[in-house]
Every structure is written in C-alpha cells, then in structure tokens.
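Structure first, commentary second.
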Amino acid sequence: MAEPAYYLGVDIGTTSTKAVLFDKTGNIGASASIHYPLHTPSAQAAEQDPEVIFRAVLGTVRETMRKSAIDPASLKLVSFSSAIHSLIAVGAEGELLSQAITWADSRAAKHATRIKEELDGHAIYLRTGTPVHAMSPLAKIVWLKEDKAEIFGETAMFADIKSFIFHKFFGEFVVDHSIASSTGLFNFKNLDWDSGALEVAGIHAGQLPKLVPTTHQLKGLAADHAAFMGIPKDVPFIIGASDGALANIGLGAIGPGVAAVTIGTSGAVRTVSPMPKTDPKGRTFCYALTADHWIIGGAVNNGGIILRWLLDEFAAAEVETAKRLGTNPYDVLTKIASTVNPGSDGLIFHPYLTGERAPIWDSNARGSFFGLSIHHEKQHMIRAVIEGIVFNLYTVALAVEEVTGEPTLIKASGGFARSEMLRQLLADVFGQPVTVPESFEVPVSARPFSACMRSVKSTTSASPET
Ligand code: ADP
C-alpha cells in the first residue's frame, strides 16, 4: 500500500487564518480557522496585532492536525499564503515597534501623493509593478520616516506578516518574491530590492527580509512551536506567495486568456502573464508568482461591501422578508434587481463609497447616483448599485486587457459569484462566459449587455435576469 502523504495549506488573511489539510489527490481533509480583529483606532488606521496572528497560525495548524488524527510523520509539507501590503516595524532585538499596518490603512495617503507627484513615483511603479498608493509598504515607510520618526529611527527590519511569522519559526526574516513584489520596493527585472525606491524610503536593503522564490523551503522549525502544533520539526515549510496570486492557481485561471474576477468584500481582476508587464497609465499592478508567472490585474475597494451597505442602510424590509421566507437577504435584493431593465432605465451609480484603488487610484473619490428622475423607484436604485459595482470592475478589466490582451473566459469567485443573477450580469457586462468553482454551481455564457437592453426594451414586461 502507498505510503499516506498529506499537505497542509495555511492562509493568513485579514479577517482570519485558515489551515486546510489535503491528501495526494487534492481532496480536502480537516480544516480550522481562527478569526481576529482589525483595529481601526482612527478613520485612517487599520492595524492588527502580529502576535495574535502568530497565535492564530499556531492554533489553526494544531487544531487541523488534532481533528485529522493523521500520523504526523505523513505530513509532507506546510505551505503559506498571506494578504499583501502589510508592514511591521521590528527593532534590533526582534521587539515589535509597530502593529501590522494592513493594506486597508490609509495614513500614508499624503505621502503616496507626494511620491507620485514629486519623487518620480510613476518610474518607481514601472520598475516595481506596485501602484504608488497608501496601501503600499513604500508609502507606509515614508509615512513612518516623516510622521513617526521615533519608530522609523529604531527599526532594524521592515517585515510583512508572513516574514514576521517565519522569523518566529526559523529565526530569520525571509520574504517571497510574490509578497515582495507588492511592497513597491522590489525591482521585478533583477528580482532584487530597487535602489531608487529604497532611496525614497530612506532605508537600506539590510532592513528588509532576505528575498527568496515562492517555492523556497525552510526546515528546522523551532522545537517548541513544532511540539505545540503537533508536527515534526523537520517538516519542510514552503514560503508560498500572496493570497491573490495563489487564488489564480486555485481557480485554474493561470493560462492565456483566462481572467479571475473576484468580488468578495472588495474585488479584483487578475490575469497571468509569462513576463512582468506594467501599464503606461499606471492603472494595473504586476505581482510575482514564479519567474514566469506574473499576476497582472487591478483591485477595487468597492465590491460586495457596497451590496452590504445597500442591505444595511436601505433594505430593512427586504431583510425582514428574507427572514420570514428563510432565504438569503442577498437573494431578495437580486430578485428585486431582476425586475428592472438592464441599464436601470438610465440610472447610473458610481460605487466609490470607500474611495477607489484601480482604475482611478483616488482615495477621495465618492459615490453618487446619476440621472435620477421621478419615474425611478427603489428597485431601480438596487439594480443601479449592482450594475455600478460590476461596471466599475469592468473598467478595471478593460485596463488589464490593454496590458495583457482580451480574456476569453472569466473565472469568478467571492461571495458575489454565489448569486446566479450576479454571475449572469458579470457574463453580460464582460461579454465573456463565466465559470465558477464547483461548489458555486453552473457556469453561464455571455449575452452582449447592449443586446440584453434591446431585448428587454422590445418586450413590455421586464423579465428576470435578462
Ligand atoms: P470576503 O471578501 O470578506 O472573504 P466573501 O467573499 O464572502 O467575503 O464576500 C462577501 C460579500 O459577497 C458580501 O458583502 C456580499 O456583498 C456578497 N454576497 C455574499 N453572499 C451573497 C449571495 N448569496 N448573493 C449575492 N452576493 C452575496
């Protein structure tokens, strides 16, 4: 009988850490997740405690191993994924000088603007692939330098959450090319820290983790942590990549012409290119996966969070209806939206309620309804909001298309893609067939959005999901 072999994946996300055990054929076994808070002491700050996240990593691995009851010797490797753009200032003795400053933190907005306007930020973007924005560690380091000089002066290592955790496990700071490529400090041509970006940040390469490929293995796990997690200390740990880059693999959106479209709380369009590519207009990102797989795409703030806002602020009656019927409140909203013609009878919604990243990169952007007239009713507003979210993402897809070529298939994921009506809308607006992970049900083909509008206008009754 073949020797049993198991593989453990650990995803260090913004809301939780998840660990999942797989067997040789990719079947999912035991899993565990631990949630933790995102602290927002001010409107701009969005921080997390790295020690809490480290304990969540330990806890999820321990719980997964306990639940699975596998022989620890059959665990062949542990591999990691994490959110991008986090920055942690660490002192010379390994002490924490800051919390993990997350992608959602906008305290560096002013500094990002200055880098863009006065410090040749566009040239830095063209070399690093990271749009110059408050989210990027480059802008955050400049913020620390200028506004938190006491922290900046004491910082021996500017780590990200994954390198912080690997330091706990193996005593060295290492960062994979994927996470590094989203710092704004990594030159994708020579796969090394970018001297021009380091100069702007006012730091030297010795203050950043050692760069390694995403397939890099570390062995010799600290004995106490190995014992706590219930795994052998010589099991290889693969550093892995960023969550977005790995999501493309998970969705099978890796080949030419395939675009991954994710609409969860936020949203993103991601394609894979065999070589790094940037946008002369600076609208898209270019992040590493492997030496010949580069993730070209754009991320928006205003994804499902806007649908959630609609539900919370305007749909109390619909939420009640859903409760009464025992259905999902989002299904009630999409059903109502389906009663309105595509195009919402001329009503347009700009979904920039939380500022916007791609494609406009403007933290001060705000939302609006445009074209309201007396005949518009609540259902038009619901449909316009949904269309606004999808069209905003479509404009990102158009920018990505200019860089990597037109996709021929969309692989959708995220909470939004659970709804058949929303999947169909994605297919119609993007003009491409949309498939979803098996657990999300059937794929849908595209019908030109304009044709949908024509076909609806030619009938007297608005048909659902036209
Ligand atoms: P996250 O990005 O935080 O991991 P999800 O991928 O679960 O979250 O997406 C959450 C969002 O997906 C919600 O805010 C909502 O807008 C949308 N959503 C969740 N369930 C549905 C559904 N059944 N139909 C339509 N949209 C949904």
Side-chain angles (χ1 to χ4, degrees), residues 9-14 17-18 46 48 50 53-54 56-57 78-90 98-105 108 124-125 127-141 157-170 172-194 197-198 201 203 205 207-218 237-250 268 270 272 276 285-291 293-297 299 357:
V10 181
D11 174 39
I12 306 163
T14 309
T17 285
K18 292 135 266 187
Q48 296 187 298
I53 297 179
F54 179 60
V57 171
V78 185
S79 183
F80 288 80
S81 139
S82 81
I84 56 176
H85 301 319
S86 64
L87 182 76
I88 305 170
V90 182
S98 78
Q99 296 286 290
I101 307 165
T102 69
W103 60 271
D105 196 294
I124 296 177
Y125 158 72
R127 296 196 304 273
T128 64
T130 307
V132 179
H133 182 267
M135 68 188 182
S136 95
L138 165 64
K140 287 169 181 161
I141 294 173
M157 179 59 61
F158 290 98
D160 63 281
I161 188 63
K162 194 156 42 142
S163 55
F164 174 82
I165 283 164
F166 268 65
H167 179 254
K168 294 260 190 196
F169 282 147
F170 299 100
E172 65 171 319
F173 285 102
V174 283
V175 63
D176 61 81
H177 288 162
S178 177
I179 294 288
S181 66
S182 61
T183 59
L185 296 156
F186 177 77
N187 185 306
F188 58 63
K189 277 216 178 82
N190 54 22
L191 303 183
D192 203 353
W193 298 118
D194 182 86
L198 293 187
I203 63 171
Q207 288 172 282
L208 292 167
K210 186 177 116 191
L211 290 161
V212 295
T214 50
T215 49
H216 184 73
Q217 292 191 11
L218 285 100
F237 273 40
I238 316 295
I239 192 157
S242 69
D243 50 8
L246 291 168
N248 271 64
I249 298 186
R270 292 183 310 266
V272 177
F285 58 67
C286 171
Y287 299 147
L289 177 54
T290 68
H293 294 89
W294 294 82
I295 310 293
I296 317 290
R357 287 185 280 169

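Computed over heavy atoms, backbone and side chain alike; hydrogens, waters and symmetry mates excluded. As the structure is a computational prediction, the values presented were derived from the model and not from experiment.
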Practice task
Could you grab the distance from atom CG of Asp243 to atom CD1 of Ile179, nearest 0.5 Å is fine?
Solution key: 7.0 Å
Practice task
Could you give me the CA-CA distance, side-chain angles and deciding distance for Arg357 and Trp103, then say whether side chain to side chain contact (heavy atoms under 4.5 Å, CB included) is met?
Solution key: CA-CA 11 Å; Arg357 287 185 280 169; Trp103 60 271; 4.0 Å; yes
Fill in the blank from the handout: When rounded to the nearest 0.5 Å, the distance separating CD1 of Ile84 from CD1 of Ile295 is 10.5 Å
Handout entry: Minimal non-hydrogen separation, Ala205 against Leu198, with atom names
Key = N-CD1, 3.7 Å
Fill in the blank from the handout: Contacts satisfying salt bridge (charged side-chain N to carboxylate O under 4.0 Å, His left out) that involve residues 207-216 (not counting sequence neighbours) are Glu172-Lys210
Problem - Pairing residues for Ser242 by the side chain to side chain donor-acceptor pair (under 3.5 Å) criterion, not counting sequence neighbours - result: Ser178
Completion exercise
On a heavy-atom basis, the closest approach of Thr214 and Ala241 is CG2-CB, 3.8 Å
Fill in the blank from the handout: Residue set satisfying salt bridge (charged side-chain N to carboxylate O under 4.0 Å, His left out) with Asp11, at least two apart, ordered chain then number -> Lys18
Exercise for the section: Could you grab the distance from atom CG of Leu218 to atom CD1 of Ile239, nearest 0.5 Å is fine? Expected result: 6.5 Å
Exercise for the section: Flag the pair Leu211 / Phe186 as yes when at least one side-chain heavy-atom distance between them is below 4.5 Å, and no otherwise. Expected result: yes
Completion exercise
Ala201 meets the side chain to side chain contact (heavy atoms under 4.5 Å, CB included) criterion, sequence neighbours left out, with Leu138, Ile141, Leu185, Ile203
Problem - Heavy-atom closest pair, residues Ala288 and Ser181 - result: N-OG, 2.9 Å
Practice task
Give a yes or no answer on whether the side chain of Thr102 reaches the backbone of Ala46 with a donor-acceptor pair at less than 3.5 Å.
Solution key: yes
Exercise for the section: Would you check if the side chain of Ser98 reaches a backbone N or O of Ala89 as a donor-acceptor pair within less than 3.5 Å? Expected result: yes
Fill in the blank from the handout: When rounded to the nearest 0.5 Å, the distance separating NE2 of His85 from OG1 of Thr14 is 10.5 Å
Handout entry: Thr130 OG1 to Asp194 CG distance, which is reported to the nearest 0.5 Å
Key = 10.0 Å
Exercise for the section: Output yes when a side-chain donor or acceptor of Ser136 lies under 3.5 Å from a complementary backbone atom of Val132, and no otherwise. Expected result: no
Fill in the blank from the handout: Shortest non-hydrogen pair, Trp193 vs Pro209, comes out as NE1-O, 3.4 Å
Exercise for the section: Identify the heavy atoms of Phe80 and Ile12 that sit nearest to each other, and give their distance. Expected result: CD2-CD1, 4.0 Å
Exercise for the section: On the 0 to 90° scale, with breaks at 30° and 60°, tag the Phe169-Phe166 ring pair as parallel, tilted or perpendicular. Expected result: perpendicular
Exercise for the section: Please name all residues satisfying side chain to side chain donor-acceptor pair (under 3.5 Å) with Ser163, sequence neighbours left out, ordered by chain then number. Expected result: Asp160
Exercise for the section: Applying side chain to side chain donor-acceptor pair (under 3.5 Å), name anything that partners Thr183, two or more places apart in sequence or on another chain. Expected result: none
Completion exercise
Between Met135 and Pro131 the two heavy atoms that sit nearest each other are CE-O, 4.0 Å
Practice task
Would you mind reporting whether Val78 and Val10 have side-chain heavy atoms less than 4.5 Å apart?
Solution key: yes
Exercise for the section: Please identify each residue that fulfils ring pair (Phe, Tyr, Trp, His ring centres under 6.0 Å) with Phe164, with sequence neighbours left out. Expected result: none
Problem - Residues forming a ring pair (Phe, Tyr, Trp, His ring centres under 6.0 Å) with Phe173, sequence neighbours excluded - result: His167
Problem - Residues in side chain to side chain donor-acceptor pair (under 3.5 Å) contact with Thr290, at least two apart in sequence or another chain - result: Asp292, His293
Completion exercise
Distance col, row Tyr287:OH vs Thr128:OG1, nearest 0.5 angstrom, shows 8.5 Å
Handout entry: By side chain to side chain contact (heavy atoms under 4.5 Å, CB included) - contacts of Ala291 (at least two apart)
Key = none
Exercise for the section: Evaluate the side-chain proximity of Asn248 to Leu289: yes if any heavy-atom separation is below 4.5 Å, no if none is. Expected result: no
Handout entry: Ion pair check, Lys162 and Asp176, cut-off under 4.0 Å
Key = yes
Handout entry: Ser79: partners by side chain to side chain contact (heavy atoms under 4.5 Å, CB included), with sequence neighbours left out
Key = Leu77, Ile238
Fill in the blank from the handout: Across all chains, not counting sequence neighbours, the side chain to side chain contact (heavy atoms under 4.5 Å, CB included) partners of Pro276 are Phe188, Cys286, Trp294
